[in-house]
J.: 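This structure is in structure tokens; I'll ask about it shortly.
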Amino acid sequence: MKSNSYRLEWLLLIVMGLALAVTLYVYIRAKAELQQQFDVPLTALEVPAGAEVIAEGERLATIRGCFWCHGQALEGQEYFTEAGPGIIAVAPDLTREVRTYSPAEFSRAVRHGVKRDGTSVQPAMPSFAFYNMSDADMGAIIAYIQSLPEQDGYLGQFRLLPTGWFRWVAGKLPPPAALLIDHDAPRVPPAVSGSQEERGRYLAESICTECHGDNGRLRVPNTPDLRIAAAYTREDFFRLMRTGIPMGEREIDYHMKDVSKYRYTHFTDEEVDALYTYFHSMLDAPAESGS
Ligand code: HEC
Ligand code: HEC
């Protein structure tokens, strides 16, 4: 009897020790990967001044969803990603960050997903889509945020809870945003005075890619290839962008309804027209593989 219960105790101790060792390994590995450094040099960015620039910056920030995640006054908030349990994302107070980061640091965080300390922002921040944003658009957004009153908001950091460490190491969570970006790729030109097609490409590549993805980058589940827009008539496409009501008045996912109603109503008619022209032109191009 006695030796049996000894054996049981030893067995229990070994099992507990093993569980502890595995947890420690997973924790250390997750921690190391979260601390990974990205060597992306800072590039100077001019922040223009004036009421017109600030108003345009507000419009661009609205279209690109900064308020959606960082809060109505950009004061920051805990932001629940759809990555599931074990992950707490905090979209920080931008009114404070814009005062502590230089414009070059701020724009590197937005467009390259690299924070001041050289680590990556977590994938809830769609830097892979913002990569293509032009210097002019980035400058206007910074000018607008600088014009806002400073808030006493959230400055918290992205955190993984214990279930999150395991899911991270098992590859169940999306990778850091900076890993998804080719930091040397040429940006899609803004084509402000270019053709409608080129202008539409810029808008699509720096905005719609946030959810519709591109070249294997992150993609919100169930988002279609945007060539579907070419099946729309121009009138139907305008209605989608203005009201969130799709062709045939079907019920669609709330993401698309909400971005249309709250963000894309701020597109000018020319911009919606440019997007439509671009999606139409994609029909003539050969299908991209792997997306
Ligand atoms: C879909 C949600 C979402 C949208 C849209 C979004 N952000 Fe973020 N952003 C986040 C989250 C979450 C973080 C924190 C990531 C982290 O902790 O690693 C973040 C981080 C940042 C950072 C880096 C903060 C730091 O600590 O270095 C900046 C700067 C920033 N966002 C600016 C913007 C701007 C400007 C816009 C609009 C053009 C924007 N974000 C749109 C969710 C979002
Ligand atoms: C916040 C995420 C998000 C963003 C940003 C986004 N979309 Fe979508 N979009 C979706 C989702 C999700 C669906 C799938 C809706 C469904 O089928 O229920 C969708 C579907 C669509 C459809 C197909 C609608 C249909 O008839 O089934 C079109 C067209 C479309 N999006 C255009 C755009 C354009 C253009 C942009 C950029 C200007 C954009 N989307 C940006 C999430 C997004």
Side-chain angles (χ1 to χ4, degrees), residues 34 57 60-71 74 76-83 87-94 96-98 100-101 103 105-127 129-130 133 137-138 140-142 144-145 154-159 176-178 200 203-213 218-232 236-237 239-241 244-260 262-264 266-267 271-272 274-276 278-279:
L34 286 174
L60 297 173
T62 308
I63 290 173
R64 288 181 169 80
C66 314
F67 302 99
W68 176 301
C69 299
H70 288 270
L74 299 184
Q77 59 184 346
E78 244 178 49
Y79 172 86
F80 292 94
T81 62
E82 280 142 11
I87 174 170
I88 294 178
V90 176
D93 180 344
L94 294 183
R96 275 212 251 167
E97 292 223 327
V98 86
T100 50
Y101 277 41
E105 287 170 335
F106 196 91
S107 97
R108 184 178 67 172
V110 174
R111 294 193 291 184
H112 291 271
V114 177
K115 299 194 205 187
R116 188 139 79 151
D117 66 3
T119 61
S120 171
V121 299
Q122 295 315 309
M125 168 65 189
S127 294
F130 298 150
M133 197 156 44
D137 286 0
M138 188 73 255
I141 289 176
I142 294 178
Y144 165 65
I145 301 175
Y154 269 93
L155 281 176
Q157 285 269 335
F158 165 89
R159 290 197 306 285
L203 296 170
E205 291 283 352
S206 66
I207 298 171
C208 314
T209 41
E210 176 188 341
C211 297
H212 286 271
L218 275 189
R219 192 163 169 173
V220 166
N222 306 322
T223 50
D225 184 320
L226 280 177
R227 271 171 296 189
I228 191 179
Y232 274 64
D236 279 346
F237 185 69
R239 184 172 63 167
L240 175 68
M241 290 289 105
I245 300 170
M247 189 171 60
E249 294 170 27
R250 291 144 33 245
E251 213 23 73
I252 53 166
D253 183 276
Y254 78 93
H255 288 92
M256 191 60 216
K257 261 197 292 205
D258 284 1
V259 289
S260 302
Y262 302 116
R263 300 189 196 174
Y264 301 156
H266 297 265
F267 275 137
E271 285 171 332
V272 176
L275 280 164
Y276 184 74
Y278 169 61
F279 295 135

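Just follow the structure's listing: the first ligand is 1, and inside any ligand the first atom is 1.
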J.: Tell me: protein heavy atom nearest atom 27 (O) of ligand 2, and distance?
T.: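 Scanning the protein heavy atoms, the shortest distance from atom 27 (O) of ligand 2 goes to Arg250 NH2, 2.6 Å.
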J.: Heavy atoms only: which of Cys66, Ser206, Gly113 lies closest to atom 36 (C) of ligand 1?
T.: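 The nearest heavy atom belongs to Cys66.
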J.: So, Gln77 side chain and Ala91 main chain: donor-acceptor pair closer than 3.5 Å or not?
T.: no
J.: Which atom names give the shortest non-hydrogen contact between His255 and Trp68, and what distance separates them?
T.: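 The answer is O-CH2, 4.3 Å.
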J.: Counting distance only, does the side-chain N/O of Tyr232 pair as donor-acceptor with the main-chain N or O of Tyr276 below 3.5 Å?
T.: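 No; judged by distance alone, with no hydrogens or angles, the pair does not exist.
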J.: Any atoms of ligand 1 less than 4.0 Å from a non-hydrogen atom of Val110? List them with their elements.
T.: 29 (C), 32 (C), 35 (C)
J.: Which residue supplies the protein heavy atom nearest to atom 17 (O) of ligand 2, what is that atom called, and how far is it?
T.: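 Going by distance alone, atom 17 (O) of ligand 2 is nearest to Ile252 CG2, 4.1 Å.
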J.: For atom 29 (C) of ligand 2, what is the nearest protein heavy atom, given as residue, atom name and distance?
T.: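 The closest one turns out to be Leu240 CD2, 3.5 Å.
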J.: Could you list which atoms of ligand 1 come closer than 4.0 Å to a heavy atom of Ala124?
T.: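 Answer for ligand 1: 1 (C), 2 (C), 3 (C), 12 (C), 42 (C), 43 (C).
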J.: If I compare all heavy atoms of Tyr264 with all of Met256, which pair ends up nearest, and what's the gap?
T.: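 Smallest interatomic distance, heavy atoms only, reads CE1-CE, 4.5 Å.
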J.: Show me which atoms of ligand 1 lie under 4.0 Å from any heavy atom of Phe130.
T.: 38 (C), 39 (C), 41 (C)
J.: Any atoms of ligand 1 less than 4.0 Å from a non-hydrogen atom of Gly65? List them with their elements.
T.: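 Within the 4.0 Å cut-off of Gly65, ligand 1 contributes 4 (C), 5 (C).
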J.: Nearest non-hydrogen contact with atom 12 (C) of ligand 2 belongs to which option: Thr209, Asp258, Asp253?
T.: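 Nearest heavy atom to atom 12 (C) of ligand 2 lies in Asp253.
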J.: Among Met125, Arg159, Met133, which one has a heavy atom closest to atom 33 (C) of ligand 1?
T.: Met125
J.: Would you mind listing which atoms of ligand 2 come within a distance below 4.0 Å of any non-hydrogen atom of Phe279?
T.: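 Taking each heavy atom of Phe279 in turn, ligand 2 has 35 (C) under 4.0 Å.
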J.: Under 2.8 Å from atom 8 (Fe) of ligand 1, is there any N, O or S atom belonging to Cys69?
T.: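 Within the cut-off used here (under 2.8 Å), Cys69 places no N, O or S atom near atom 8 (Fe) of ligand 1.
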J.: N/O to N/O below 3.5 Å, does that happen between His70 and ligand 1?
T.: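 Yes, at least one N or O pair falls under 3.5 Å.
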J.: State whether the shortest distance between N or O atoms of Tyr232 and N or O atoms of ligand 2 falls below 3.5 angstrom.
T.: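 N/O-N/O distance under 3.5 Å: yes.
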J.: Within the 4.0 Å heavy-atom shell around Pro92, which atoms of ligand 1 are there?
T.: 13 (C), 14 (C), 19 (C), 20 (C), 24 (C)
J.: Could you identify the single nearest non-hydrogen protein atom to atom 5 (C) of ligand 2 and state the distance to 0.1 Å?
T.: Tyr264 OH, 3.3 Å
J.: Donor-acceptor check, side chain of Arg111 to backbone of Met138, threshold 3.5 angstrom: yes or no?
T.: no
J.: Where the side chain of Ser127 meets the backbone of Ala178, is there a donor-acceptor pair that is under 3.5 Å apart?
T.: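 No: the side chain of Ser127 does not pair with the backbone of Ala178.
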J.: Quick check on contacts: which atoms of ligand 1 are under 4.0 angstrom from a heavy atom of Glu97?
T.: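 Counting from 1, the qualifying ligand atoms are 23 (C), 24 (C), 25 (C), 26 (O), 27 (O).
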J.: Is it the case that ligand 2 has an N or O less than 3.5 angstrom from some N or O of Glu210?
T.: no
J.: What class does the angle between the rings of Tyr101 and Phe106 fall in, given that below 30° is parallel, 30 to 60° is tilted and above 60° is perpendicular?
T.: perpendicular
J.: Tell me the closest heavy-atom pair linking Ala129 and Thr209, and the distance in Å.
T.: CB-OG1, 3.4 Å
J.: What is the distance from atom CZ of Arg263 to atom CG of Asp258, rounded to the nearest 0.5 Å?
T.: 9.0 Å
J.: Of all the heavy-atom pairs spanning Tyr154 and Gly76, show the shortest one and how long it is.
T.: CD1-O, 3.4 Å
J.: If you take all heavy atoms of Phe237 and Ala229, which pair is closest and at what distance?
T.: CE1-CB, 4.0 Å
J.: What I want to find out is whether Asp117 reaches Lys115 closely enough, with some N-O distance under 4.0 Å, to be called a salt bridge.
T.: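 No, Asp117 and Lys115 are not salt-bridged.
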J.: Identify which of Trp68, Tyr144, Phe106, Tyr101 has a heavy atom lying nearest to atom 25 (C) of ligand 1.
T.: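 The nearest heavy atom belongs to Tyr101.
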J.: Tell me if the OH atom of Tyr262 is crowded by more than 12 foreign heavy atoms within 6.0 Å.
T.: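 At most 12 heavy atoms, drawn from other residues, nucleotides or ligands, come within 6.0 Å of this atom.
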J.: For the pair Ser120 (side chain) and Val114 (backbone), establish whether a donor and an acceptor sit closer than 3.5 Å, ignoring hydrogens and angles.
T.: no
J.: Report the member of Ile145, Val90, Ile207, Thr100 with the shortest heavy-atom distance to atom 14 (C) of ligand 1.
T.: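 Ranked by closest heavy atom to atom 14 (C) of ligand 1, first place is Val90.
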J.: Does ligand 1 come near enough to Gln122 that some N or O of the ligand is less than 3.5 Å from an N or O of the residue?
T.: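 Yes - when backbone and side-chain N and O of Gln122 are compared with those of ligand 1, one distance drops under 3.5 Å.
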J.: If you leave out waters, which protein N, O or S atoms are less than 2.8 Å from atom 8 (Fe) of ligand 2?
T.: His212 NE2, Met256 SD
J.: So which bit of Ala61 gets within less than 4.0 Å of ligand 1, heavy atoms only: side chain, backbone, both or neither?
T.: neither
J.: Look at the N, O or S atoms of Ser127, main chain and side chain alike, and state whether any lies under 2.8 Å from atom 8 (Fe) of ligand 1.
T.: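 Checking atom 8 (Fe) of ligand 1 against Ser127, no N, O or S atom falls under 2.8 Å.
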J.: Determine, step by step, whether Ser206 and Arg64 satisfy the side-chain contact (heavy atoms from CB on, under 4.5 Å) criterion, reporting the C-alpha distance in whole Å, the side-chain angles of both residues, the deciding distance to 0.1 Å, and the verdict.
T.: CA-CA 9 Å; Ser206 66; Arg64 288 181 169 80; 2.9 Å; yes
